[in-house]
There are 2 protein chains.
Amino acid sequence: MAKAGVTDSQTRLKIFRAASDIFEEKGYEGARMQEIADKAGINKALLHYYFRSKDQLFMAVFQVLLKKMFEKIMTIFAADITFKEKIRLFLGQHIDFLSKNPKLPIFLLNEISKNPSIATGLKETLQYGEMRDLLYMKHAKELRGYGIKKSDMPQLMVTVVSMSVFPYAAREMIAIMMPQMLDNKRFKTFMEERKEFASDFILNSLKHRKK
Amino acid sequence: MAKAGVTDSQTRLKIFRAASDIFEEKGYEGARMQEIADKAGINKALLHYYFRSKDQLFMAVFQVLLKKMFEKIMTIFAADITFKEKIRLFLGQHIDFLSKNPKLPIFLLNEISKNPSIATGLKETLQYGEMRDLLYMKHAKELRGYGIKKSDMPQLMVTVVSMSVFPYAAREMIAIMMPQMLDNKRFKTFMEERKEFASDFILNSLKHRKK
DNA sequence: CATATTTTTGACCTATTGGTTAATTCATTT
DNA sequence: AAATGAATTAACCAATAGGTCAAAAATATG
């Protein structure tokens, strides 16, 4: 029995976890309700008892995973440290986060690309512009010192985020040219090294920017 | 009638083009043979007459698109200019290329991620390591001048490629935080500016690298 | 303990999907 | 123009997919 009407039942949780795994691995179109039911160890009809349809089950999963990703990024960017420190903190923590959720980037990127409307919920939650402006205001002096104008922020932020996200999303593509990347240990090492490489790379570039 | 057994018939081409569009837009799982037939203006049975199965049709399309992407990158990297010039050339030309094929990155990234085996063909064609080593040999002096060791090449190359590819693959995700990116004109401008921003960013970082 | 409520199941339904087939149309050759 | 082979079609097929339903278990309630 649900304790307060919001508490997830054990079964509901089992379903949700199985669905997360399957959707993340195969995407919305590739996922099968039967497979999710099997993985959750329950009947397929029970899936529809807890979540009416594939769409609704998917949306429940997607919202949580998308939020998980964004909250991680936002939390780090909101920290009360210098921008310089923030870059290192971001690459360190975000790569740690992604190494625990390596399939998350390509899943989110693909699903939202194939059907942008599924993100409207989060889009409304985040007052847009907020992040970029907040970040610039917070570090205005430091950033101006680097020759970064407010209008440069989108370019800079996309660059920073791509440093951690892209290698996970593109791992198999990268492996075409560098097969050693197929080895989990090697890839892990590559990403560990990337924390420092990318941090240095970005800060180096900023430090010596021509204004 | 086929002129030499290799020449594509008009119908075959129509099918191939329609299939490219649909697959690129919806992915393998999301694509429907009927929709491809409709777009090609032919009967569904004719699809199977020219390409036996969905798998084979997909593979034909995928191979061409993957090759298209790789050849573009390889050609630029193979140019006989300094590494510095190469960075600018790459970002200029590759962004031009992707602006004509904006859905290509997420399509390739997702399909290969969901089913890595589909790329084995290309993987065998490219002698792996070749590119990275060739590139380093060609610019050994210049790169050492920047403090780039051979072992840094993977990090550097992933960084450079992500500069152009990531914004296209992540456009809808970026738009969650920066809704102006939904506007095609704005996004186009963003990517035009990115040619210079990214080039400067990379070269700046390299120029002042601590060795 | 009996009754009401919730959870779980197996069996079933319908629509969709990739794929096949046999017949027809079209073009080429002699 | 008859014959031959390739291109094209409509109709069909079997498997799979998401989804439903009524009955059975399990659990809570008075």
Side-chain angles (χ1 to χ4, degrees), chain A residues 1-63 107 110-111 114-115 117-118, chain B residues 1-63 107 110-111 114-115 117-118:
Chain A
M1 174 216 52
K3 275 183 205 155
V6 193
T7 310
D8 279 355
S9 72
Q10 213 58 29
T11 307
R12 199 183 170 83
L13 255 181
K14 276 197 326 194
I15 293 174
F16 188 88
R17 292 205 179 107
S20 296
D21 286 354
I22 301 290
F23 279 132
E24 210 177 324
E25 191 184 326
K26 314 212 166 171
Y28 175 81
E29 293 286 354
R32 298 288 170 256
M33 293 296 269
Q34 187 60 60
E35 199 180 354
I36 294 173
D38 291 347
K39 183 150 200 167
I42 52 132
N43 189 286
K44 193 178 60 154
L46 205 53
L47 237 62
H48 289 87
Y49 177 77
Y50 282 94
F51 302 85
R52 282 185 197 288
S53 64
K54 186 184 183 184
D55 272 49
Q56 287 191 38
L57 175 55
F58 176 78
M59 282 305 283
V61 167
F62 183 80
Q63 295 298 341
F107 168 72
N110 185 56
E111 296 302 331
K114 252 84 180 187
N115 182 10
S117 68
I118 57 179
Chain B
M1 175 214 53
K3 276 182 203 158
V6 192
T7 310
D8 279 355
S9 72
Q10 212 59 30
T11 306
R12 199 182 170 83
L13 256 181
K14 276 196 327 191
I15 293 175
F16 189 88
R17 292 204 178 110
S20 297
D21 286 354
I22 301 289
F23 279 131
E24 209 177 324
E25 191 185 327
K26 314 212 165 171
Y28 175 81
E29 293 285 356
R32 297 289 170 257
M33 293 297 267
Q34 186 60 60
E35 199 181 353
I36 295 173
D38 290 347
K39 183 149 199 167
I42 51 135
N43 190 286
K44 193 180 57 154
L46 204 54
L47 237 62
H48 289 87
Y49 177 78
Y50 282 95
F51 302 84
R52 282 186 197 287
S53 63
K54 187 184 183 182
D55 273 49
Q56 287 192 39
L57 175 55
F58 176 79
M59 283 305 283
V61 167
F62 183 80
Q63 296 297 342
F107 168 72
N110 185 56
E111 296 302 330
K114 253 86 182 186
N115 182 9
S117 68
I118 56 178

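Per chain, numbering begins at 1; letters A, B, ... match sequence-line order. As the structure is a prediction and not an experimental result, all values here were calculated from the model.
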Atom [atom1] of [X] and atom [atom2] of [N]: how far apart are they, to the nearest Å?
{"X": "Ile42(A)", "N": "dA25(D)", "atom1": "CD1", "atom2": "P", "answer": "19 Å"}
{"X": "Leu13(A)", "N": "dT7(C)", "atom1": "CG", "atom2": "C1'", "answer": "16 Å"}
{"X": "Phe51(A)", "N": "dG18(D)", "atom1": "CZ", "atom2": "P", "answer": "16 Å"}
{"X": "Arg12(A)", "N": "dT6(C)", "atom1": "CZ", "atom2": "P", "answer": "15 Å"}
{"X": "Leu57(B)", "N": "dT17(C)", "atom1": "CG", "atom2": "C1'", "answer": "15 Å"}
{"X": "Tyr28(B)", "N": "dT17(C)", "atom1": "OH", "atom2": "P", "answer": "13 Å"}
{"X": "Asp38(B)", "N": "dT9(D)", "atom1": "CG", "atom2": "P", "answer": "12 Å"}
{"X": "His48(A)", "N": "dT9(C)", "atom1": "NE2", "atom2": "C1'", "answer": "15 Å"}

Query raised in the report: Does Phe51(B) have Arg12(B) sitting over its ring (NZ/CZ under 6.0 Å from centre, angle to axis within 45°)?
Result: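 Positive - Arg12(B) is close enough to the ring of Phe51(B) and near enough to its axis.
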**Report entry** Gln63(A) side chain to Ile118(A) backbone, donor-acceptor under 3.5 Å
**Finding:** yes
Requested in this report: Without swapping roles, check the side chain of Glu111(A) against the backbone of Tyr28(A) for a donor-acceptor pair under 3.5 Å.
Outcome: yes
Atom pairs, N/O to N/O, protein against nucleotides 12-17 of chain D, distance under 3.5 Å?
| unit_1 | atom_1 | unit_2 | atom_2 | d |
| --- | --- | --- | --- | --- |
| dA17(D) | OP1 | Arg32(A) | NE | 2.8 |

**Report entry** Shortest non-hydrogen separation from Ala19(B) to Leu57(B) and the atoms involved
**Finding:**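 Minimum heavy-atom separation between Ala19(B) and Leu57(B): CB-CD1, 3.8 Å.
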Query - Salt bridge present between Glu29(B) and Lys114(B) (N-O < 4.0 angstrom) - result: no
Query raised in the report: Under 4.0 Å: is that the gap between some side-chain N or O of Thr11(B) and OP1 or OP2 of dT8(D)?
Result: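 It does, given that an N or O in the side chain of Thr11(B) lies less than 4.0 Å from OP1 or OP2 of dT8(D).
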Requested in this report: Give a yes/no answer on whether the side chain of Asn43(A) brings an N or O atom under 4.0 Å of OP1 or OP2 in dG10(C).
Outcome: yes
Requested in this report: Using a 4.0 Å heavy-atom cut-off across all strands, classify Tyr50(B) as base, sugar-phosphate, or nothing.
Outcome: sugar-phosphate
**Report entry** Sequence neighbours excluded - salt bridge (Lys or Arg N to Asp or Glu O under 4.0 Å) pairs with any residue from residues 45-59 of chain A
**Finding:** none
Taking only the side-chain heavy atoms of [X] (C-beta and beyond), determine which of [options] contains the nearest atom.
{"X": "Tyr49(A)", "options": "dT9(D), dT9(C), dT7(C)", "value": "dT7(C)"}
{"X": "Ser53(B)", "options": "dT7(C), dG19(C), dC21(D)", "value": "dG19(C)"}
{"X": "Leu46(A)", "options": "dT8(C), dG18(C), dA7(D)", "value": "dT8(C)"}

Report task. Taking the six-membered ring for Trp and the full ring for Phe, Tyr or His, determine whether the centres of Phe23(A) and Phe58(A) are under 6.0 Å apart. Result ->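 Under 6.0 Å, so yes.
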Query raised in the report: How do Ala45(B) and Glu29(A) order along DNA chain D: which one's closest nucleotide is nearer the 5' end?
Result: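 It is Ala45(B) whose nearest nucleotide is closer to the 5' end.
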